[in-house]
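First up is the structure itself, then whatever we jot down about it.
Labels below follow one simple rule: chain letters A, B, ... track the order of the sequence lines, proteins then strands, and each chain is numbered from 1.
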2 protein chains.
Amino acid sequence: MKDKQHIIDDIRAFNRYYTGLLGLLNNHLLDSDYSLAEARILYEIHSLQPVSASQIMSNIVIDKGYLSRVLKQFEKSGLISKQVSSEDARITLVSLTATGLTLFNKLNSASEEQIATLLNKLSSKEQQQLVGHMQAIRTLLSD
Amino acid sequence: MKDKQHIIDDIRAFNRYYTGLLGLLNNHLLDSDYSLAEARILYEIHSLQPVSASQIMSNIVIDKGYLSRVLKQFEKSGLISKQVSSEDARITLVSLTATGLTLFNKLNSASEEQIATLLNKLSSKEQQQLVGHMQAIRTLLSD
DNA sequence: TTGTATTAGTTGATAAAGTCAACTAATGAT
DNA sequence: ATCATTAGTTGACTTTATCAACTAATACAA
């Protein structure tokens, strides 16, 4: 039975470890023209479209000015289209264009590929266990 | 039994979740004058001192030019002292000064406090389980 | 030993990323 | 109607990060 200090140390060690792993997994973005933030915004748009900037901000911690500019750039480069909400003219809903969807699929596949490479080292049973541990962590921390 | 695609999706969902959690836990640094990178460098120096820039780079992914500047600034502000290695004059070993140690302790306590707050929502048994899941993940992924 | 490659670290120049406040326009609430 | 709030934009700026060129020291092999 570990004492509290020991538990805290272990969690921080895991956090350092996992920060590094997340960094490795996100490395493939360096070969693309997109940052992690942009990739994540694209992911949110894909998941929630048509979606407002505010909705995106409720899923990602990001400055609204920064987000506004990213979306502006996305529109300029033809990745998304904007449409003012018919219910509330303050709100602009964004959706992926065909080009945006193609890009999303490309980035998404690359992300999946990273994970797949990680999983290749594990047996099927170990893979199930890994996911089990992850879900257990989320469950423990989400109450 | 989940198929591979399902497993990949679950892992990516965990990664998004944990990225957000790490962001929250690192938020306390916004109230300090130090960035996450700086805090981590300070941590490495504390752990490994006397330590070279190269050694730090083997623990953190960071540009050597950037690291060089951070260390230069640390020295300038009296947080670390530098000493050329007696065995190899290319190598500069850095150590925390008393001021640096004080700062480290402060940042360290704040980090621990963040974790402690997270743990407060859990019973002692759940805390042990949480650490168990984390170690299991590390074990699975580190082979 | 001498030349060649490698390693450690620094610096200049630049780009990318993120922050903050002021602002407009639309809507909500009393 | 007025006042407050919400959504989003923009300008100005700082911080963070990247990359290549460079010096100096050491390793290594002929």
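- One hydrophobic cluster, built from ILVMFWY side chains closer than 4.5 Å, holds both A:Met57 and A:Ile45.
- A:Asp88 pairs by the salt bridge (Lys or Arg N to Asp or Glu O under 4.0 Å) definition with A:Arg90, not counting sequence neighbours.
- The ring pair (Phe, Tyr, Trp, His ring centres under 6.0 Å) analysis of residues 65-101 of chain A, with sequence neighbours excluded, yields no pairs.
- Rounded to whole Å, atom C1' of D:dA17 lies 14 Å from atom CG of A:Asn27.
- A:Leu30 belongs to no hydrophobic cluster with other residues, because no ILVMFWY side-chain heavy atom falls under 4.5 Å from its own, directly or through intermediates.
- Put simply, CD on B:Glu87 is 18 Å from P on C:dT7, counting in whole angstrom units.
- Between the side chains of B:Gln73 and B:Glu38, no donor-acceptor pair is found at a separation under 3.5 Å.
- Formation of a donor-acceptor pair under 3.5 Å by the A:Glu75 side chain with backbone atoms of A:Lys72 is not found in this model.
- Among residues two or more places apart in sequence or in another chain, the ring-ring contact (aromatic ring centres under 6.0 Å, His included) test is passed with A:Tyr18 by A:Phe14, B:Phe14, B:Tyr18.
- Side-chain atoms of B:Asn59 and B:Gln55 form no donor-acceptor pair, as typed in the model, at a separation below 3.5 Å.
- One atom, CD of A:Glu75, and another, P of D:dT10, lie 10 Å apart when rounded to the nearest Å.
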Sequence-aligned protein contact record of nucleotides 9-25 of chain C, with B where the base is within under 4.0 Å of a protein heavy atom and S where only the sugar-phosphate is: BBBBB---SBBB-----
For nucleotides 3-5 of chain C, give me every protein contact, N/O to N/O, under 3.5 Å, one pair per line with atom names.
none

